[in-house]
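The block underneath contains the structure these notes are about, expressed in structure tokens.
Below, each value reflects all heavy atoms present in this structure, side chains not excepted, and no hydrogens, waters or symmetry copies. Below, chain A is the first sequence line, B the second, and so on; all start at residue 1. All values reported here derive from a predicted model rather than from experimental measurement.
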Amino acid sequence: MKNKELAVLFDRIADALDIKGEQAFKVLAYRRAARILDEMTDDVARIAAAGKLEDIPGIGSGIAKKIGEYLATGEMQKYKEALSDIPPGLLTLLDIQTLGAKTIKLMHDELGVASLSDLKKVIADGRLAALRGMGDKKVENIRKGIELFEKASQRVSIWAALRVAASLIDHLKESGLVDRIEAAGSLRRMKETVGDIDILVCAKKSGGKDGARIIERFTRAPGVKRVLAAGATKASVMVATEDGERQVDLRLVDRSSYGAALQYFTGSKAHNIKLRSMAKDKGLKISEYGVFKGERKIAGAAEEEVYATLGLAWVPPEMREDRGEVELALARRLPAILDYGDIKGDLHVHSDASDGTLTLREIADLGLRMGYSYIAICDHSQSVKYARGLSPDRLRRQMKEIDALNRSLKPKRFRLLKGTEVDILADGSLDFPGSLLKELDFVVAAIHSGFKKNVTERILKAMENPYVKVIAHPTGRLISGREGYDVDIEKVIAGAKRTGKALELNAYYDRLDLDEFNCKRARELGIKISIGTDCHAASGLEMMRLGVGIARRAWLRKGDIIRL
DNA sequence: GCCGTTTTCGGCCCGACTGTTTTCAGTCG
């Protein structure tokens, strides 16, 4: 599929035109096209062949023609033309906060800045500060922007971000001054990676000094390394996380605006723009303070109200990406996506028999506390030596143990499932014989070695086995803390479709295998998804939330996942 | 560049903040 390639091209064209000072709306049009292509699960070539490109909202005749040209020739005239007089190093400067296209163009035209190192030079020798419109403070901000860019250009994994947000929220709640508080932004939308963390707070007593106290407490919270700004309604700090420092913004809002602010700061940007332009058509105006008809505020306290004023059903945060959800909300036809409470169990957990840390009893206790009905124990098989994989004998002993434990758990309406994460060996055969697999409740198959040897073919062969229900690590992104493997996901998806096997959405830390994109494609093809944490420790069971979040972003319904 | 049961031309989301100005441009979320 050329979708992603084309997305990159259009994004670079947008960058180049932006720096050249082309009309902002033209730049926006290219960016929108890039985003559409990046997220599209259909093959753009197929749509182009059917002559349906212009049916996609946001793709008009101009961009359709350029797509056609690229598909036919492998080249795009507009791309060459746009990039011809732009040094490649200049485009990366757009990623520096406090530095935008206009300033970059000015620096390039006046000082010949063509790269990050050029920029550092003109800051050091004072030539940048001498430019018109520039001053010491602006230069200082750019310098700070560069520092931030070099230190924290990576987006942090959602799990680390969730933990940072939770600890700050708890810290603020302990003050007793807080009425409502929650994380907004991409964290609330459950994006796999998060840039900044946004927290929204509403004081119990508005108008008094409580707001100032909350801001004060925030800037002195544990983990805060630096305060970037602290005003009456907003504060920004840098907080230490597992993978470096991260910016956290706190916004203090009025109770009457809480819903509007939550909606606004949750985004995404594209979703919000669509809402606002709809509002405008209706003679309304939406801002973070509320929905206004002329001077009069007609909604704002609750998010539902904001959507209702536009005639829309409330949209789950995970769907707010302008991928058609607004139109469906208008038609009252939003799909009933999987809910966090729909999860009745975890379908991939390791015990201390292999490389986990928990006993069967501890896992059962945790499962009960999570409100589950079942957990599948899927320890490694014998060949996975580094993870103390179970021999057939040890697995049979574990099965007896589980049977015994289940008898005592019966009154609690909870059971452990007898399972395995059976290894797919170098020749594509499985690490246990069928006679053993047959005795198990749940068989997950996965590759753990020979990452460079015919991975795709081995997975396809394993899919032919009648006892295998699920393929784990289908995209091979990361596995047991090791490097991932290269797999032809197209073939794996086709294989799952053909054999009726499920693919695992694995949520342990940053592994999230499947990712959102392939999860969505699998759903569209009617392939079942199995959600398991693949966890090895107590905290890991809670990571189910990440898996469900990704599933919701992919619009999975209850019926799309395996439930026992 | 895209889009249109008020438009095939003239629109295209909104507000805050900052720093540099002397009324506003640039940037961000």
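As rounded to the nearest Å, dA16(B) and dG11(B) have P atoms that lie 25 Å from one another. When the C1' atom is used for both dC13(B) and dG29(B), the distance is 12 Å, rounded to whole Å. Comparing dT6(B) with dG1(B), their P atoms are spaced 28 Å from each other, to the whole Å. Using C1' as the reference atom, dT18(B) and dT23(B) are 15 Å apart when rounded to the nearest Å. Only the P atoms considered, dA25(B) is 16 Å distant from dT20(B), to the nearest whole Å. A distance of about 28 Å separates the P atoms of dG15(B) and dT21(B), rounded to the whole Å. Annotation: dC17(B) and dG10(B) have their P atoms spaced 36 Å apart (nearest Å).
K297(A) NZ: more than 12 foreign heavy atoms inside a 6.0 Å radius. Atom NZ of K102(A) sits in a sparse spot, with 12 or fewer heavy atoms from other residues, nucleotides or ligands closer than 6.0 Å. Counting non-hydrogen atoms of neighbouring residues, nucleotides and ligands closer than 6.0 angstrom, the NZ atom of K20(A) exceeds 12 such neighbours. Summarising the local packing, NZ of K173(A) is surrounded by 12 or fewer heavy atoms from other residues, nucleotides or ligands at distances under 6.0 Å.
Within the structure, a side-chain polar atom (N or O) of Q97(A) is placed less than 4.0 Å from OP1 or OP2 of dG29(B). For dT27(B), the OP1/OP2 oxygens have a side-chain nitrogen or oxygen of T103(A) closer than 4.0 Å. Side-chain N/O atoms of K269(A) include none lying less than 4.0 angstrom from OP1 or OP2 on dC14(B). OP1 or OP2 of dC14(B) sits under 4.0 Å from a side-chain N or O of K280(A). Remark: Y289(A) is in phosphate contact with dA16(B), judged by side-chain N or O atoms under 4.0 Å from OP1 or OP2.
Under the 4.0 Å criterion applied to side-chain N and carboxylate O atoms, R188(A) and E318(A) are not assigned as salt-bridge partners. Here E327(A) pairs with K274(A) in a salt bridge; the nearest charged N to carboxylate O distance falls below 4.0 Å.
Atom pair D18(A):CG and dC28(B):P shows a separation of 10 Å (rounding to whole Å applied). In this entry the distance linking CG of L128(A) with C1' of dG19(B) reads 14 Å, nearest Å. Here the P atom of nucleotide dG1(B) and the CG atom of D11(A) are 16 Å apart, to the nearest Å. One atom, NZ of K26(A), and another, P of dC3(B), lie 15 Å apart when rounded to the nearest Å. The distance between atom OH of Y30(A) and atom C1' of dC12(B), rounded to the nearest whole Å, is 16 Å. Rounding to whole angstrom units, CD1 of residue I142(A) and P of dT18(B) are separated by 16 Å. The CE atom of M278(A) sits 14 Å away from the P atom of dC14(B) (whole-angstrom rounding). For R276(A) and dG15(B), the CZ to P distance is 7 Å, given to the nearest whole Å.
The side chain of S61(A) lies closest to dC2(B), out of dC2(B), dC12(B), dC14(B). Here dG19(B) is the nucleotide among dG26(B), dG1(B), dG19(B) with the atom lying nearest to any side-chain atom of N141(A). With dG19(B), dC13(B), dG15(B) as the candidates, the nucleotide lying closest to the side chain of K138(A) is dG19(B). Looking at the side chain of Y264(A), the nearest of the listed nucleotides dG29(B), dC2(B), dT20(B) is dG29(B). With dA16(B), dC3(B), dC13(B) as the choices, the nucleotide that has an atom nearest any side-chain atom of F25(A) turns out to be dC13(B). In the set dC14(B), dC13(B), dG26(B), the nucleotide with an atom closest to the side chain of K285(A) is dC14(B). Distance from the side chain of R32(A) is smallest to dC2(B) among dA16(B), dC2(B), dC13(B). Comparing dC14(B), dG29(B), dG1(B) by their closest approach to the side chain of S287(A) singles out dC14(B).
When both distances must be under 3.5 Å, the Watson-Crick or G-U wobble mate of dC17(B) is dG26(B).
Within 4.0 Å of L28(A), counting heavy atoms only, lies no atom of the nucleic acid at all. Within the 4.0 angstrom heavy-atom criterion, only backbone atoms of the sugar-phosphate kind lie near G58(A); the bases stay farther away. Residue contacts for R251(A): at a heavy-atom cut-off of 4.0 Å it reaches the sugar-phosphate backbone alone, with no base atom in range. Looking at heavy-atom distances under 4.0 Å, I273(A) makes contact with a base. Note on A101(A): only backbone sugar-phosphate atoms sit closer than 4.0 angstrom, heavy atoms only; bases stay farther off. Contacts of K105(A) with the nucleic acid, taken as non-hydrogen atoms under 4.0 Å apart, are absent. Using a 4.0 Å heavy-atom cutoff across all strands shown, D136(A) reaches sugar-phosphate atoms only and no base atom. Nucleic acid contact class of I96(A) (heavy atoms, under 4.0 Å, all strands): sugar-phosphate only. Within the nucleic acid shown, I286(A) comes within 4.0 Å of sugar-phosphate atoms alone, with no base atom in reach, counting heavy atoms only.
For dT20(B), the base adopts the anti conformation, since its glycosidic angle falls more than 90 degrees from zero.
Among E325(A), R323(A), R276(A), the one residue that satisfies the side-chain hydrogen bond (donor to acceptor under 3.5 Å, both in side chains) test with H271(A) is E325(A).
Across the interface with DNA chain B, nearest-nucleotide mapping of A64(A) and D281(A) shows A64(A) to be the residue nearer the 5′ end.
A donor atom on one side chain and an acceptor atom on the other are not found under 3.5 Å apart for Q97(A) and N141(A).
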